[in-house]
2 protein chains.
Amino acid sequence: MNATPRWLDPEQKAAWDHFIRMQEKLVGRLSRHLQSDSKLSAADYVVLAALTESEGGRMRFLNLTRRVEWEKSRMSHQVGRMAKRGLVTREECPEDGRGAFVVATPEGYRAIEEAAPLHVEHVRRLFIDALTQEELDTLGRLSARVLAHMEQQPD
Amino acid sequence: MNATPRWLDPEQKAAWDHFIRMQEKLVGRLSRHLQSDSKLSAADYVVLAALTESEGGRMRFLNLTRRVEWEKSRMSHQVGRMAKRGLVTREECPEDGRGAFVVATPEGYRAIEEAAPLHVEHVRRLFIDALTQEELDTLGRLSARVLAHMEQQPD
DNA sequence: CTTACGTAATTGACGTGTCAACCAAAACGG
DNA sequence: CCGTTTTGGTTGACACGTCAATTACGTAAG
């Protein structure tokens with residue numbers, strides 16, 4: 001039994017609170033904008049962005065999940081929903097009988113090409129424009145550091 | 001028709017990508033830890049934290065939603081689920097017939113007091129420990145700036 | 001060959017979040 | 001007062017995410 005847990009000191013707590021609230025508000029607004037401006041959710045956007053940046057708009061299922069760092073069941077459900085709406089299709093993989101490809105359809109391409117400009121505007125308006133170029137770099141660098149730290153850390 | 005949208009330049013895009021990936025990975029891990037270490041979800045934790053930091057463990061519904069910056073329907077569903085599990089109760093509001101109070105039950109207190117130490121450890125391990133005190137301050141300051149920027153911004 | 005084990009991906013159940021519609025009490029304007 | 005609008009809060013339908021279990025194929029060992 002840990003007698004007295006090591007609480008965060010006031011400066012740490014303040015930094016954490018600001019970060020968490022900012023992050024939540026930002027991603028919340030962005031995904032609501034996406035949803036109402038286009039017919040894509042944030043999840044749809046991420047998947048289509050990954051696919052369309054890839055050779056032929058196709059990717060192996062597992063590579064896709066790693067690329068966007070999702071769990072495979074999440075991706076499977078997502079791909080299922082997107083397939084139902086005609087944004088992607090599943091294809092079999094010749095060299096591995098268990099494998100699958102996920103492929104962006106022409107509609108998928110159309111959808112993300114339509115959605116991207118406005119989305120980028122919102123990212124710019126809500127996030128990029130809040131900071132100077134130098135501050136933005138700093139934030140990016142610190143984010144990368146936290147990311148690297150987490151990757152060296154168990155689970 | 002916008003001829004050529006203003007895309008992010010490479011540095012901006014890099015900063016944005018790092019931030020987004022970091023944030024997603026961090027909150028994902030933290031909420032999975034909460035879920036498996038305690039019997040609270042991240043949402044439960046946020047609500048109970050707000051309530052138990054407040055006089056008498058009770059708050060007006062709307063104040064609660066503003067405090068954690070959620071939409072009211074989200075809060076209503078959440079409170080409903082938590083009430084079903086005995087973590088909170090709803091009470092009527094005498095001075096406003098439409099109003100409601102949300103109150104943390106003893107079990108609610110017990111649950112968050114049990115969950116908090118481990119949760120804080122994870123926050124420390126995954127986030128705080130990744131940065132020096134000075135870097136952490138910087139990140140907090142930049143987050144606050146983005147937050148303030150968003151608050152001055154339409155929707 | 002076959003048994004066993006690991007890997008690729010799907011499924012189902014359930015908790016969670018969003019949107020739009022709704023309801024009831026309050027506040028306001030005549 | 002009475003009708004209208006605003007405010008506080010709930011509801012239902014549906015999209016989304018997680019976990020645990022499952023299917024089906026690949027691979028290596030005896």
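Just so it is clear: chains get the letters A, B, ... in the order the sequence lines come, proteins before strands, and each one is counted from 1. What's counted below: heavy atoms across the whole structure, side chains too, no hydrogens, waters or symmetry copies. The structure presented is a predicted model; accordingly, all values stated were derived computationally and were not measured.
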Ignoring hydrogens and angles, state whether a donor on the side chain of Q35(B) or R32(B) is under 3.5 Å from an acceptor on the partner side chain.
no

R90(A) side chain near dA9(C) phosphate (N/O to OP1/OP2, under 4.0 Å):
no

Anything under 3.5 Å between a protein N or O and an N or O of nucleotides 13-16 of chain C, put it in a table, one pair a line.
{"residue": "dT16(C)", "atom": "OP1", "partner": "S41(B)", "partner atom": "OG", "Å": "3.1"}
{"residue": "dT16(C)", "atom": "OP2", "partner": "R81(B)", "partner atom": "NE", "Å": "2.8"}

Under a 3.5 Å cutoff, is there a donor and acceptor pairing between the side chains of Q78(A) and D44(A)?
yes

Of the listed nucleotides dA26(C), dT11(D), dT10(C), the one nearest the side chain of F61(A):
dT10(C)

Roughly how many Å is it from CZ in R98(B) to P in dT7(D), rounded to a whole number?
9 Å

Using OP1 and OP2 only, check whether a side-chain N or O of R32(B) sits under 4.0 Å from dT18(D).
yes

Is the F127(A) ring parallel, tilted or perpendicular to the F19(B) ring (thresholds 30°, 60°)?
parallel

Round to a whole Å and report the spacing from CG of L40(A) to P of dT18(C).
18 Å

What's the NZ-P distance between K72(A) and dG17(D), to the nearest Å?
17 Å

R60(A) has an atom CZ; how far is it from atom P of dT10(C), in whole Å?
11 Å

Atom-pair distance (CE on M75(A); P on dG17(D)), nearest Å
10 Å

